[in-house]
Amino acid sequence: MDFGFVDADREFRREAREWLRAHPADGHSARGWERELGAGGWIGLGWGEGAYGNRTGTLTQQVVWGEEYARARGPARLGHIGENLLAPTLIAFGSQAQKDRYLPAVARGDEIWCQGYSEPGAGSDLAGVRTTAARDGSTYRVTGQKIWTSQAQEADLCFVLARSDPEARRHRGLSFLLVPMDQPGRIEVRPIRQMSGTAEFNEVFFDGAEATDVVGGEGNGWQVAMGLLALERGVSTLVQQIGFEEELGRVVRLAVDSDAVTDPVLRQRLVRQWAELRTMRWNALRTLGGESDPGAPSVTKLLWGRWHQRLGELALQVQGGAATAGPTAWAPDAYELDELQRLFLFSRADTIYGGSDEIQRTIIAERVLGLPKEPG
Ligand SMILES: Cc1cc2nc3c(=O)[nH]c(=O)nc-3n(C[C@H](O)[C@H](O)[C@H](O)COP(=O)(O)OP(=O)(O)OC[C@H]3O[C@@H](n4cnc5c(N)ncnc54)[C@H](O)[C@@H]3O)c2cc1C
């Protein structure tokens with residue numbers, strides 16, 4: 001099965017390509033680029049609702065936009081969490097007033113969001129969240145610590161999973177709150193420096209931070225949070241594969257240019273990588289074709305996470321000795337990392353976020369194979 005592009009899709013592709021050509025990302029800050037995309041109406045294509053200043057597109061057109069964006073080598077999106085996680089969650093669970101307040105700003109590229117789920121004692125075991133939300137009239141006061149919060153240092157708002165009923169245990173008594181980040185003295189963001197030398201993640205400390213919006217009603221945070229995680233694993237797979245294809249192409253070109261391609265084992269690995277990417281694409285298309293299988297999201301995550309790590313390892317093998325030149329954890333400023341070194345380092349995280357490999361296998365074990373639940 002492949003996408004059947006109709007005339008409207010070809011017209012849409014032409015429009016996307018022309019817009020991207022006329023509006024290069026170079027010269028924009030990450031925020032400036034979000035605003036540029038917003039002004040062009042390109043944020044929110046997949047929302048299914050177009051009342052917020054955004055265009056809407058069919059599934060095929062969303063893939064077309066992803067293809068053209070990758071082809072134009074558009075940068076990683078600062079607005080990803082707002083557009084692809086927060087907005088669909090509000091559309092599914094939010095009140096009309098919440099949609100009207102938050103979605104237009106996401107569509108304009110004006111407000112940047114971060115995701116406040118994980119805590120030092122609650123990662124895979126998210127129901128162990130200890131951050132509290134104490135009601136004070138119509139306001140909640142949020143207190144506790146989040147960790148690994150991507151982009152918190154840039155974000156205007158954070159959606160936070162917190163315990164609004166201190167008596168309730170585990171999945172009960174949690175609420176999904178929308179917290180403005182500009183609250184000096186009540187919110188502190190501390191960047192975490194990674195082995196790549198950069199610091200995209202943060203620890204976020206809340207000390208009585210105020211929030212007035214709860215999505216899905218007080219105490220229903222678990223259902224809202226799980227709805228959001230299902231979105232995180234689902235729709236963007238095909239578009240993500242376009243980026244993978246670009247990266248694999250870069251590794252193949254380097255192998256050819258550097259003569260590494262004369263190594264027969266490396267050739268085998270390159271072709272295997274290509275064949276597996278095709279298989280993942282067919283699988284994603286099959287899933288979009290309407291087949292539902294309770295194990296499918298976990299299988300997809302397991303396949304792409306390890307595939308991308310192997311690509312990182314392959315990239316370093318192709319680079320040979322040059323791959324080890326550059327920064328180290330103890331001297332991170334020694335050299336700038338090149339794209340392939342960065343690919344290798346960042347891909348180590350692919351089997352952790354969005355549900356680690358072990359958690360995906362546990363889901364399959366219990367929900368598909370019917371194995372007994374693992375001991376608590
Ligand atoms: C790139 C990246 C971006 C992230 N961005 C965000 C963000 O923006 N916001 C946010 O809230 N969080 C974010 N996270 C955090 C992410 O959600 C957690 O890292 C993830 O849920 C795992 O939790 P943990 O790190 O606490 O590890 P743990 O849950 O402590 O797991 C440690 C190890 O034990 C294994 N393990 C745990 N439980 C079991 C079990 N029951 N059975 C078998 N094995 C088990 C895990 O698979 C893992 O290998 C990000 C993480 C990464 C890597």
Side-chain angles (χ1 to χ4, degrees), residues 76-86 89 112-131 133 142 144-163 170-171 174-179 181 187 189-206 221-222 224-233 236 240 243 297-298 301-302 304-306 308-309 312 342-367 369 371-376:
R77 295 274 316 283
L78 185 63
H80 158 72
I81 294 176
E83 179 184 9
N84 299 315
L85 301 183
L86 185 270
T89 305
I112 302 301
W113 285 81
C114 63
Q115 176 179 22
Y117 276 17
S118 306
E119 299 183 4
S124 301
D125 185 21
L126 189 58
V129 158
R130 291 168 64 181
T131 294
V142 180
Q145 184 196 344
K146 297 291 175 182
I147 193 166
W148 312 125
T149 322
S150 309
Q151 300 177 0
Q153 72 278 46
E154 300 274 357
D156 303 294
L157 291 131
C158 185
F159 49 89
V160 172
L161 191 62
R163 199 159 288 287
R170 306 280 304 160
H171 312 85
L174 295 168
S175 292
F176 188 102
L177 293 124
L178 308 182
V179 184
M181 291 296 281
I187 298 183
V189 177
R190 292 189 201 154
I192 302 171
R193 180 103 171 208
Q194 297 140 219
M195 65 179 169
S196 56
T198 53
E200 288 87 5
F201 308 122
N202 304 272
E203 294 178 289
V204 183
F205 297 86
F206 297 92
W222 187 255
V224 178
M226 289 303 105
L228 186 150
L229 285 180
L231 298 166
E232 190 169 20
R233 285 177 202 143
S236 53
Q240 177 194 46
S298 295
K301 174 76 209 302
L302 282 170
W304 77 250
R306 268 303 291 150
H308 201 223
Q309 278 186 352
R342 218 175 296 134
L343 164 64
F344 170 74
L345 289 177
F346 277 103
S347 66
R348 307 318 297 167
D350 288 334
T351 49
I352 300 174
Y353 70 89
S356 71
D357 276 15
E358 288 77 13
I359 296 302
Q360 303 301 344
R361 283 193 282 267
T362 300
I363 292 171
I364 294 171
E366 294 178 359
R367 296 191 200 159
L369 299 182
L371 302 191
K373 276 197 175 299
E374 63 171 358

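When a ligand or atom number is given, it counts from 1 through the structure's own listing order. Residues take their numbers from the sequence shown, with the count starting at 1.
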The protein heavy atom nearest to atom 21 (O) of ligand 1 is G123 C, 3.5 Å

Atom 33 (C) of ligand 1 touched by protein heavy atom at under 4.0 Å: no

Which residue and atom name correspond to the protein heavy atom nearest atom 39 (C) of ligand 1, and how close is it? I359 CD1, 3.8 Å

of all protein heavy atoms, closest to atom 14 (N) of ligand 1 is W148 CB, 3.5 Å

In terms of residue, atom name and distance, what is the protein heavy atom nearest to atom 5 (N) of ligand 1? S150 OG, 2.8 Å

Can you tell me the protein heavy atom closest to atom 46 (C) of ligand 1 and the distance? S356 OG, 3.5 Å

Rounded at 0.5 Å granularity, tell me how far CG in L86 sits from CZ in F159. 5.5 Å

Given the protein's heavy atoms, is any one of them under 4.0 Å from atom 8 (O) of ligand 1? yes

Establish, yes or no, whether the cationic atom of K301 lies under 6.0 Å from the six-membered ring centre of W304 and within 45° of the ring axis. yes

Looking only at the side chains, is there a donor atom on one of N202 and Q153 sitting less than 3.5 Å from an acceptor on the other? yes

State if F201 counts as touching ligand 1 under the rule of any non-hydrogen atom under 4.0 Å. yes

What protein heavy atom sits nearest atom 20 (C) of ligand 1, and how far away is it? I352 O, 4.0 Å

Closest by any non-hydrogen atom to atom 16 (C) of ligand 1: pick that one out of S118, A155, G355. S118

Check each of V129, T131, V224 against L174 using the side-chain contact (heavy atoms from CB on, under 4.5 Å) test, and report the only one that passes. V129

I want to confirm something. Looking only at heavy atoms, which of S124, A365, A225 is nearest to atom 31 (O) of ligand 1? S124

For atom 45 (C) of ligand 1, which protein heavy atom lies nearest, and how many Å away is it? E358 CB, 4.1 Å

What class does the angle between the rings of F176 and Y117 fall in, given that below 30° is parallel, 30 to 60° is tilted and above 60° is perpendicular? perpendicular

Mode of E374 contact toward ligand 1 - side chain, backbone, both, neither (heavy atoms, under 4.0 Å): side chain

